[in-house]
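For reference, the structure discussed in these notes is given below.
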Amino acid sequence: MVTKSVLVVHGPNLNLLGMREPAHYGNATLADINNSLLAQAKQAGITLEAYQSNAEAEIVAKIQSLASPSSANHKVDFIIINPAAFTHTSVSIRDAISAVNIPFIEVHLSNVYARESFRHHSYFSDIAVGVISGLGAEGYNAALQFAIHKLNQ
Ligand code: DQA
């Protein structure tokens, strides 16, 4: 049996978690979040890579690198992405994720709908399997739990 694989993509400024606006984003660091996801993945017998970048072009390149000539042979089976500020701005990351045609869940630590109106629009939500917003770091674990469930079906 081929081991299933999940990629977690963290967008700009999420490297500052733990010290960044804790009222919105909580006290967990990015390493805390990633370590929790890695432990959950290990327990489920899947591989997980966590990737963070502050640069739009780097995130596009990372997602493009998942493209396989055969769509039945994806290098990654599921993506969990918090595009952070790029949620509200990036057609190019949206297009990259559409191009590789890998199912994904959009995660936000904060409830973006309870915040400024410019955060209410996402370039990702309409093409996502689902969206989790406002559950803090637990949102990532919930997304991974769903992904594991789907990948085991
Ligand atoms: C965020 C919400 C975005 O509006 C913001 O730009 C972020 C983080 C969240 O996780 O709540 O950087 O995606």
Side-chain angles (χ1 to χ4, degrees), residues 5-44 46-67 74-151:
S5 172
V6 172
L7 174 68
V8 183
V9 179
H10 304 285
N13 300 306
L14 296 175
N15 53 313
L16 300 180
L17 286 178
M19 54 180 272
R20 176 192 181 203
E21 299 185 84
H24 284 308
Y25 302 121
N27 296 309
T29 66
L30 192 61
D32 293 335
I33 290 171
N34 289 340
N35 286 338
S36 171
L37 292 172
L38 285 165
Q40 194 180 344
K42 191 174 177 192
Q43 182 141 32
I46 65 161
T47 61
L48 182 139
E49 180 192 356
Y51 174 84
Q52 191 275 332
S53 176
N54 295 320
E56 187 173 26
E58 287 178 2
I59 295 173
V60 168
K62 180 68 181 176
I63 294 169
Q64 282 189 10
S65 78
L66 308 174
H74 287 310
K75 290 179 188 165
V76 155
D77 301 289
F78 211 100
I79 297 172
I80 295 168
I81 183 167
N82 182 348
F86 292 142
T87 306
H88 320 297
T89 64
S90 184
V91 177
S92 64
I93 298 175
R94 174 199 170 95
D95 285 351
I97 210 161
S98 291
V100 297
N101 198 27
I102 297 170
F104 73 95
I105 297 177
E106 175 185 348
V107 173
H108 301 284
L109 294 145
S110 64
N111 178 355
V112 289
Y113 299 102
R115 301 181 63 194
E116 304 96 322
S117 58
F118 68 83
R119 297 186 202 275
H120 298 179
H121 176 260
S122 165
Y123 279 103
F124 298 85
S125 300
D126 63 310
I127 56 169
V129 174
V131 182
I132 297 174
S133 184
L135 303 189
E138 284 177 53
Y140 288 96
N141 294 102
L144 183 56
Q145 188 183 353
F146 179 88
I148 290 166
H149 175 71
K150 279 288 163 200
L151 294 176

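Order of listing sets the numbers, starting from 1, for every ligand and every atom in it.
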Query raised in the report: With only distance considered, is Leu109 within less than 3.5 Å of ligand 1 through an N or O on each side?
Result: yes
Query raised in the report: Judging by distance only, is a nitrogen or oxygen of Ala85 under 3.5 angstrom from one on ligand 1?
Result: yes
Report task. Go through the side-chain N and O atoms of Ser92 and Asp95 and say whether any donor and acceptor fall under 3.5 Å apart. Result -> no
Report summary line: Per side chain to side chain contact (heavy atoms under 4.5 Å, CB included), Ser53 is matched among Ile59, Asn15, Val9 by Ile59
Query raised in the report: Does Asn54 reach the main-chain N or O of Asn13 with its side chain, forming a donor-acceptor pair under 3.5 Å?
Result: yes
Query raised in the report: Should the pair Phe146 and His149 be assigned to parallel (<30°), tilted (30 to 60°) or perpendicular (>60°) ring geometry?
Result: tilted
Query - Side chain Ser110, main chain His24, donor-acceptor under 3.5 Å - result: no
**Report entry** Heavy-atom nearest neighbour of atom 3 (C) of ligand 1 within options His24, Arg115, Glu116, His88
**Finding:** His88
Report summary line: heavy-atom search around atom 2 (C) of ligand 1 in the protein gives Val112 CG1, 3.7 Å
Query raised in the report: So which protein heavy atom does atom 12 (O) of ligand 1 come closest to, and at what separation?
Result: Arg20 NH2, 3.0 Å
Query raised in the report: Is there at least one pair of N or O atoms, one from Asn82 and one from ligand 1, spaced under 3.5 Å apart?
Result: yes
Requested in this report: Tell me which protein heavy atom sits closest to atom 6 (O) of ligand 1, plus the residue, atom name and distance to 0.1 Å.
Outcome: Arg119 NH1, 3.1 Å
Query raised in the report: Going by the angle between their ring planes, with limits at 30° and 60°, are Phe104 and Phe124 parallel, tilted or perpendicular?
Result: perpendicular
Query raised in the report: Just one of Thr47, Leu66, Ile80, Leu48 clears the side chain to side chain contact (heavy atoms under 4.5 Å, CB included) bar with Leu7, so which one?
Result: Leu66
Query - Identity and distance of the protein heavy atom lying nearest atom 11 (O) of ligand 1 - result: Ser110 OG, 2.6 Å
Report summary line: For atom 1 (C) of ligand 1, the closest protein heavy atom turns out to be His108 ND1, 3.7 Å
